[in-house]
There are 2 protein chains.
Amino acid sequence: MLDDRDRKLLTLLQRDAEASVTVLAERVALSVSACSRRIARLREAGYIARQVAILDRRAMRVPTTVFVMVRTTRHAADWLDAFRRALADIPEIVEVHRLTGHYDYVLKMVLPNVEHYDTVYKALVGRVELSDVSASISMETLKDDSALPTGFA
Amino acid sequence: MLDDRDRKLLTLLQRDAEASVTVLAERVALSVSACSRRIARLREAGYIARQVAILDRRAMRVPTTVFVMVRTTRHAADWLDAFRRALADIPEIVEVHRLTGHYDYVLKMVLPNVEHYDTVYKALVGRVELSDVSASISMETLKDDSALPTGFA
DNA sequence: TGTGAAACTATTCCGTT
DNA sequence: AACGGAATAGTTTCACA
């Protein structure tokens, strides 16, 4: 489906989507028109979902990351609805997954400081019943890629 | 530092950085040139770090997410160097944080399927000594925002 | 800040391999 | 079926009011 040039283009675009088609064309040894067509095709075929601006965490004054592991006793539909609505309403919660294993969910939070965790915690437990909430503060980010591996497509 | 228009612009750009300045200008009730200048300023001042393409997980054939909690007995500099190098070399590992609490690190992996976890696990433990590795598979993604809250800047 | 012209960038068309 | 070159269309930036 994808050849090496496509994969390389995707790798480049995942790093920097502002690069001009002229520069991208050079990097994959292709003419500007052919490169433009390939990018359009990758978008059309659904490989490229969208293009977004990545903001600076420090500049936005939300340098702190906290991971929260959560268990719940209630698994009924109404509980889940309330949970989903709470997640949608709290912008500090940027990522949530339902997991296998001891805990039911992981939440990733992006906060101005560690103290602010309490605010989000209260907002959350005020809306849904939770048991066994365990927060871990990120002391250091060793890797944070928005780029997916391109080797499998 | 930032006014409502800046924050709205950042919110829009975090969702879709391809929107033309003309469209963005309309959404914040500003002329095209003024809007263009504001965006340039936000970039200049370091609020906007970069612009990237977000690829589709299904299309890229890496639909599976696994979170791995890790403990280690070795905390010396040489171990950490080896760990860092391993993380840099394994593209399936997209995010790693050093944590407070029982576990030392969380790793987020992006994989073609659950079975592939074993490959990455072996690649990792083959390079660094780890104790107490606990993998949790994401059964469902309830939220996955690349957007940061804009309310704190 | 807004308007309009100039500069630049990207896309489409078309002939070719 | 895909490429490269040239024309077209669109977008951003600049000078100036």
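Residue numbering restarts at 1 for every chain, and letters A, B, ... go by the order of the sequence lines. Remember, predicted model here, so these are calculated numbers, not experimental data.
Under the 4.0 Å criterion applied to side-chain N and carboxylate O atoms, A/R84 and A/D81 are not assigned as salt-bridge partners. Ion pairing between a basic and an acidic side chain is recognised when a charged N comes within 4.0 Å of a carboxylate O; B/D16 and A/R50 show no such pairing.
Counting to the nearest Å, the C1' atom of C/dT9 and the CD1 atom of A/I39 are 12 Å from each other. Note: CG (A/D3) to P (D/dA1) measures 16 Å, nearest angstrom. For B/Q51 and D/dT11, the CD to P distance is 15 Å, given to the nearest whole Å. With rounding to whole Å, B/E44 atom CD is found 15 Å from D/dT13 atom C1'.
For the contact set between residues 6-31 of chain A and DNA chain D, defined by any heavy atom under 4.0 Å, the members are A/L30, A/S31.
The aromatic rings of B/W79 and B/H75 are tilted relative to each other, their planes meeting at an angle between 30° and 60°.
In this structure, B/Y117 and B/V133 approach most closely via the heavy-atom pair OH-CG1, 3.7 Å. In terms of heavy-atom proximity, B/M1 sits nearest to B/Y47 at CG-OH, 2.9 Å.
Between the side chain of B/R58 and the main chain of B/P63, no donor-acceptor pair closer than 3.5 Å is present.
By the salt bridge (Lys or Arg N to Asp or Glu O under 4.0 Å) test, B/D89 is found to be paired with B/R127, residues two or more places apart in sequence or in another chain being considered.
Within 4.0 Å of A/R41, counting heavy atoms only, lies no atom of the nucleic acid at all.
Listed nucleotides: D/dC14, D/dC3, D/dT12. Nearest to the side chain of B/S36: D/dT12.
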Below 3.5 Å between N/O atoms, which protein atoms pair up with nucleotides 14-17 of chain C? Just atom names and distances, please.
none

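Of the residues A/D145, A/L142, A/T141, the one that meets the side chain to side chain contact (heavy atoms under 4.5 Å, CB included) test with B/V96 is A/L142.
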